[in-house]
Amino acid sequence: MKEENCIFCKIADGEIPSKTIYEDEEFRVILDISPATKGHALIIPKEHYADLYQIPEETAAHAMKLAKKLASHMTKRLGCDGFNLVQNNGEAAGQTVFHFHMHLIPRYHDDGNQDKLCWNHLTLEPEELEDMFQKLVDID
Ligand code: 5GP
Ligand code: ZN
């Protein structure tokens, strides 16, 4: 299913042109228009799923398989020093386009992002850590 007014549906469809580095029946991989680093690309499923909660397990598995293939390809071609896979879900997590996508971010020692693409570390009290553990242990 496509969603009207979704920019990534239009890009995935080819209705809006993009710098496509890979395409198959299920996905299109494009260069990000506002990249974090040189070579920053996005894996976009051709079907519309808003986020990780919505995407079928099988499509998510295929996206991860493709991410592995592209990480190797991009590292070989770009000679990058490292690689981030980023996937945002929800406004609180920084998602701005509400069509599932996976960021492929080549990293370079001198890319100027060393203090970014990371987070502050909390120091939790033992009870808080235990509380988190009790909430999360035993998956349904
Ligand atoms: P998010 O913040 O939702 O995880 O990531 C959205 C990403 O899509 C951003 O990195 C942004 O630069 C990229 N983006 C948004 N609109 C376009 C577009 O029209 N073309 C391309 N190639 N990238 C886009
Ligand atoms: Zn869409």
Side-chain angles (χ1 to χ4, degrees):
M1 284 287 287
K2 311 286 168 217
E3 189 149 299
E4 227 182 312
N5 299 324
C6 171
I7 184 133
F8 280 6
C9 278
K10 294 191 168 85
I11 288 175
D13 241 13
E15 194 182 326
I16 294 179
S18 62
K19 294 231 181 285
T20 297
I21 61 169
Y22 174 89
E23 186 181 1
D24 61 25
E25 269 192 5
E26 211 175 5
F27 300 100
R28 186 185 286 271
V29 182
I30 66 166
L31 290 185
D32 195 296
I33 204 167
S34 183
T37 65
K38 287 181 179 168
H40 182 171
L42 303 169
I43 296 179
I44 304 176
K46 292 188 172 177
E47 291 293 314
H48 181 91
Y49 308 110
D51 51 31
L52 187 64
Y53 305 108
Q54 301 291 326
I55 195 169
E57 212 170 82
E58 205 190 8
T59 314
H62 290 169
M64 183 52 89
K65 210 168 159 187
L66 184 54
K68 176 168 169 57
K69 187 183 176 124
L70 280 152
S72 298
H73 164 72
M74 292 165 74
T75 301
K76 198 163 110 197
R77 294 286 182 89
L78 300 171
C80 56
D81 306 306
F83 210 91
N84 288 120
L85 266 190
V86 178
Q87 201 279 304
N88 300 324
N89 299 284
E91 214 177 303
Q95 186 175 11
T96 58
V97 177
F98 294 87
H99 175 131
F100 177 96
H101 52 281
M102 209 178 252
H103 294 261
L104 302 166
I105 310 179
R107 299 301 306 273
Y108 310 89
H109 289 306
D110 62 351
D111 66 24
N113 277 307
Q114 266 61 41
D115 59 337
K116 307 195 183 73
L117 297 169
C118 63
W119 43 82
N120 297 322
H121 293 270
L122 296 175
T123 309
L124 292 186
E125 296 299 329
E127 313 80 69
E128 294 175 299
L129 198 58
E130 178 60 22
D131 181 43
M132 287 301 115
F133 174 69
Q134 292 302 337
K135 282 184 169 133
L136 296 173
V137 73
D138 293 334
I139 295 184
D140 302 325

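Every number for a ligand or one of its atoms is a count from 1 in the order of the listing. Keep in mind it's a predicted model, so treat the numbers as computed, not measured.
- Closest to atom 15 (C) of ligand 1 among all protein heavy atoms lies V97 CG2, 4.0 Å.
- Ligand-side atoms of ligand 1 in range of I11: 18 (C), 19 (O), 20 (N), range being under 4.0 angstrom from any heavy atom.
- Remark: the backbone N or O of V86 is not paired with any side-chain donor or acceptor of N84 at under 3.5 angstrom.
- Of all the atoms in ligand 1, the ones that sit under 4.0 Å from a non-hydrogen atom of H103 are 1 (P), 4 (O), 5 (O), 7 (C), 10 (O).
- The N, O or S atom of H48 lying closest to the Zn ion (ligand 2) is ND1.
- As for H99, its N/O/S atom nearest the Zn ion (ligand 2) is the one called ND1.
- Proximity of F100 to ligand 1, defined as any heavy-atom pair under 4.0 Å, is not found for any part of the residue.
- In this structure, Q95 contributes its side chain and A50 its backbone to a donor-acceptor pair below 3.5 Å.
- Considering T59, I43, L66 in turn, T59 is the only one that fulfils the side-chain contact (heavy atoms from CB on, under 4.5 Å) rule with E26.
- Within the 4.0 Å heavy-atom shell around ligand 1 one does not find S18.
- The part of I7 lying near ligand 1 is the side chain, judged by heavy-atom distances below 4.0 Å.
- Not a single donor-acceptor pair under 3.5 Å links the side chain of N113 to the backbone N or O of T37.
- Between atom 6 (C) of ligand 1 and the options K10, M102, H101, the minimum heavy-atom separation is to H101.
- Annotation: angle subtended at the Zn ion (ligand 2) by C6 SG and C9 SG is 120°, to 10°.
- Distance from atom 23 (N) of ligand 1 to its nearest protein heavy atom, with residue and atom name: I33 N, 3.3 Å.
- Sparse packing is recorded around CD of E91, with 12 or fewer heavy atoms of other residues, nucleotides or ligands lying under 6.0 Å away.
- Residue contacts with ligand 1 leave out F98, since none of its heavy atoms falls under 4.0 Å from the ligand.
- At distances below 3.5 Å, not a single donor-acceptor pair connects side-chain atoms of K46 with backbone N or O atoms of K2.
- L52 and L104 fall within a single hydrophobic cluster, where Ile, Leu, Val, Met, Phe, Trp and Tyr are joined by side-chain heavy atoms under 4.5 Å apart, directly or via other members.
- Distance from atom 8 (O) of ligand 1 to its nearest protein heavy atom, with residue and atom name: F8 CZ, 3.4 Å.
- At least one side-chain heavy atom of I21 sits under 4.5 Å from a side-chain heavy atom of L70.
- Here the heavy atom of the protein found nearest to atom 3 (O) of ligand 1 is T96 N, 2.7 Å.
- A donor and an acceptor atom, one from each side chain of Q87 and N89, are located under 3.5 Å apart.
- Scanning all protein heavy atoms for the shortest distance to atom 7 (C) of ligand 1 gives D32 OD2, 3.5 Å.
- Not one N or O on the side chain of Y49 forms a donor-acceptor pair closer than 3.5 Å with the backbone of A60.
- Using a 4.0 Å cut-off between heavy atoms, L31 contacts ligand 1 through its backbone alone, with no side-chain atom that close.
- Only the side chain of N88 comes within 4.0 Å of ligand 1, judged by heavy-atom distances.
- Close approach of ligand 1 to I30 is summarised as follows: ligand atoms under 4.0 Å from at least one heavy atom of the residue are 21 (C), 22 (N).
- For H101 and F8, the gap between ring centers is short of 6.0 Å.
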